Asker: 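The structure is given below, and queries will be raised subsequently.
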Amino acid sequence: MLKALTFLSPIALLLTGCTTYSAPLVSATETAPTPLEGAVSSADPRATAAGEAILAKGGSASDAAIAVMLALTVVEPQSSGIGGGGFMVHAGSDGLITLDGRETAPASATGTRFLDSEGERLPFETRVTTGLSVGVPGNIALAAEAHQRYGKLEWAELFEPAIALARDGFLVNRRLHGSLSDRKERAAKTEAARAIFFGDDGEPLPVGARITIPDLADTFEQIAAQGSSAFYDANADALASYVAQETPRDGAMTPQDIRGYEAKARDAVCAPYRTYKICGMGPPSSGGVAVAQMLAQLERFDIAALGPESIEFWHLFLESQRIAYADRELYIGDADFVAVPVAGLVDPAYIATRSALINPTSALQSVEAGTPPGAPLARADGDEPPENGTTHFSVVDSDGNAVSYTSTVEGAFGSGLHWGGFYLNNELTDFSSSPERSGVMVANRVEGGKRPRSSMAPTIVFDEDGEVVLVIGAAGGPTIPVQVARSIIGVVDFDMSAQDALGLPLLMAFGTTVITEEGSVVAGMAQDLEAMGHGSVRLLSPRGKANALLRTENGWESAGDPRVAELLVYE
Ligand code: DON
């Protein structure tokens, strides 16, 4: 494994705050390998500690992941929580399953939810920071389903670390302070949230301040004692009435919408990549298909020989992204509502035709979606806005179970609506605002009871013996599948540690613009990429937020995004 790459910025070499839970060496003198102990990687050390505490008590990977999700509701409220949703990929002795806890549109929602009477998009604030954007939260239902399937500890025990954090308090780190400052309008929308996160002067509490959230501790205690029905039944009237009161037009959430919510078990999307099998989340997420396509389209190239400092590799990666994202825009929506040709999209023969579009020396000037086997007759591209507020965590336990869980409230602090001590998501803005284009329907249009398309890509990578080797995911809206695919390439092709793979630059094509991070090795290639036909390359501040666990001969390597690490301090 490479230990560090010379082109990484100093930031990339910082420790991450994601600690490994006792991963003992397998001694050479032992006759049989000792099972690896568990490990947790999350975006906040306090959430990681919550997961580790549950593993230490004998909890399963799923138990620990639930505790992490709950703890993140407290310490990383800008990114995720029980007011939002998520996807869990679980690998265990009973095989591989994904649980879909995606937020759901109210039954009365229609395709014109985000349009005015002229067919124009409603103003941003009306779409995002009102009850219009709030989907029925899914994380508690997902947790309950996961606990029923894979739980080893009592349900209530999983809430203990998060209750302690909310009740006893936690310190504001630089990251939370930065989010409260950057997204002040949304974070401080309600009096309830202002009382928690802002001082008497109306400014965000400073780094190092202690925050308690007694309402959230109460909510957790109620759900811990009564089960998920406390969230979806006992509180349904009160939650629906709050959201309805904040919804400026028809289509408000009702108690029936909340009572009817269910987490859904779905098949994973898997595809081979070299000697590995890459498995992730299918619809309503585009993540699993996009990661699988990007990698499979690159398989015919000797990426290892090119290396991470070659423009040839980054060019190929950009082309593979463009081709995969063209399909995603057209075909992926909630498969319970629209036919999604998942098998066709990852079919090797189809992938070969798509890969053949890649020219190793020049960029495609335009990329259309392909026609995979099973493609519907007509589909239009939607106009989904970009997103920004999510978290990923990975957990493995000593029984060999692995959980890859990405959790979100969509934008930072979600809709800004705050109820029961937590922020409510704005996930419904992940739908296309327009239901059709030139009379052709968009797969990801709003419909009652439907789940919006996601980019989240919780992923598990298996080796040729079927062993879990990498448990990975990311935050960052549409950049998520790109971050995940890049990091898998880092580990598989470049033989990197997980930490170095996560530190590889973000390079992503958005239409005719390419974004990358200033100071990265790719930034230095900007002019040459433009000369290859890649449109204009924009240099942005470092961005990316991935977490991963990598099996090594020394145990599990826990890796957190180096871009986030420096913000996880309390001074
Ligand atoms: O589900 C999705 O794809 C988005 N709602 C995720 C948003 C996100 O990752 C923002 N991250 N920083």
Side-chain angles (χ1 to χ4, degrees), residues 42-44 72 76-81 83-89 98-105 114 127-128 133-139 142 175-176 178-179 182-183 186-187 280-291 324-325 328-329 332-334 382 384-393 404-415 423-433 443-444 446 450-459 472-484 506 508 510 515 540-547 560-561 563-564 567:
S42 89
D44 191 293
L72 288 168
E76 204 194 22
Q78 68 270 46
S79 297
S80 70
F87 298 123
M88 175 193 277
V89 181
T98 74
L99 294 179
D100 166 0
R102 187 71 165 162
E103 299 90 331
T104 298
F114 297 114
R127 278 182 287 138
V128 177
S133 71
V134 182
V136 179
N139 268 328
L142 190 166
R175 195 162 170 271
L176 178 56
S179 300
D182 296 347
R183 297 299 180 95
R186 208 166 317 172
M281 194 69 214
S285 189
S286 60
V289 169
V291 169
Y325 276 68
R328 157 194 136 110
E329 295 307 323
I332 304 210
D334 182 347
E384 301 82 353
E387 316 106 332
N388 45 138
T390 298
T391 203
H392 177 81
F393 36 101
S404 194
Y405 191 157
T406 311
S407 176
T408 186
V409 286
E410 203 326 80
F413 304 102
S415 61
Y423 284 99
L424 291 166
N425 68 85
N426 67 306
E427 216 70 48
L428 301 189
T429 55
D430 273 2
F431 281 118
S432 170
S433 298
N444 187 32
V446 184
K450 191 176 178 183
R451 301 177 179 206
R453 187 186 74 199
S454 174
S455 301
M456 295 193 290
T459 304
I472 186 168
T479 71
I480 291 172
V482 170
Q483 293 182 60
V484 171
L506 176 69
M508 181 159 177
F510 282 98
I515 60 156
L540 305 172
S541 55
R543 54 202 59 218
K545 185 178 176 233
N547 281 88
D561 205 297
R563 299 160 186 85
V564 175
L567 303 175

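Counting from 1, the numbers follow the sequence of the chain as shown. We count ligands from 1, going down the list as the structure has it; atoms in each ligand are counted the same way. Remember, it's a predicted structure, so these values are computed and weren't measured experimentally.
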Asker: Heavy-atom contacts with Glu427 under 4.0 Å: which atoms of ligand 1 show up? List them by number with element.
Answerer: 1 (O), 4 (C), 5 (N)
Asker: At the 4.0 Å heavy-atom cut-off, does Lys545 count as touching ligand 1?
Answerer: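 Contact check Lys545 vs ligand 1: negative.
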Asker: Within the distance-only criterion (no hydrogens, no angle test), does the side chain of Asn444 pair as donor or acceptor with the backbone N or O of Asp430 below 3.5 angstrom?
Answerer: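 Checked: pair present.
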Asker: Taking the side chain as every heavy atom from C-beta outward, state whether Ser79 and Leu72 have any pair of such atoms under 4.5 Å apart.
Answerer: no
Asker: Checking side-chain polar atoms at under 3.5 Å, does Arg102 have a donor or acceptor matched by the opposite partner on Thr104?
Answerer: no
Asker: Could you tell me whether Gly477 and ligand 1 have an N or O pair separated by under 3.5 Å?
Answerer: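 Between Gly477 and ligand 1, an N or O pair is found under 3.5 Å apart.
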Asker: If I apply the N/O under 3.5 Å rule, does Ser455 come out as touching ligand 1?
Answerer: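 Between Ser455 and ligand 1, an N or O pair is found under 3.5 Å apart.
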Asker: Report yes if some heavy atom in the side chain of Val128 is under 4.5 Å from a heavy atom in the side chain of Arg186; otherwise report no.
Answerer: yes
Asker: With heavy atoms under 4.0 Å as the rule, classify the contact between Asp430 and ligand 1 as side chain, backbone, both or neither.
Answerer: side chain
Asker: Show the atoms of ligand 1 that are less than 4.0 angstrom away from any heavy atom in Gly476.
Answerer: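 Those atoms are 8 (C), 9 (O), 10 (C), 11 (N), 12 (N).
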Asker: Flag the pair Pro458 / Met88 as yes when at least one side-chain heavy-atom distance between them is below 4.5 Å, and no otherwise.
Answerer: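 Side chain of Pro458 against side chain of Met88, heavy atoms only: no contact under 4.5 Å found.
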Asker: Heavy atoms only, cut-off 4.0 Å: how does Gln78 contact ligand 1, side chain, backbone, both, or neither?
Answerer: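 For Gln78, there is no contact with ligand 1 at all, from either part.
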Asker: With only distance considered, is Ile480 within less than 3.5 Å of ligand 1 through an N or O on each side?
Answerer: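 It does not: no N or O of Ile480 is found under 3.5 Å from an N or O of ligand 1.
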Asker: Are Tyr405 and Asn139 close enough, and set up right, to give a side chain to side chain contact (heavy atoms under 4.5 Å, CB included), and what steps lead you there?
Answerer: CA-CA 10 Å; Tyr405 191 157; Asn139 268 328; 2.7 Å; yes
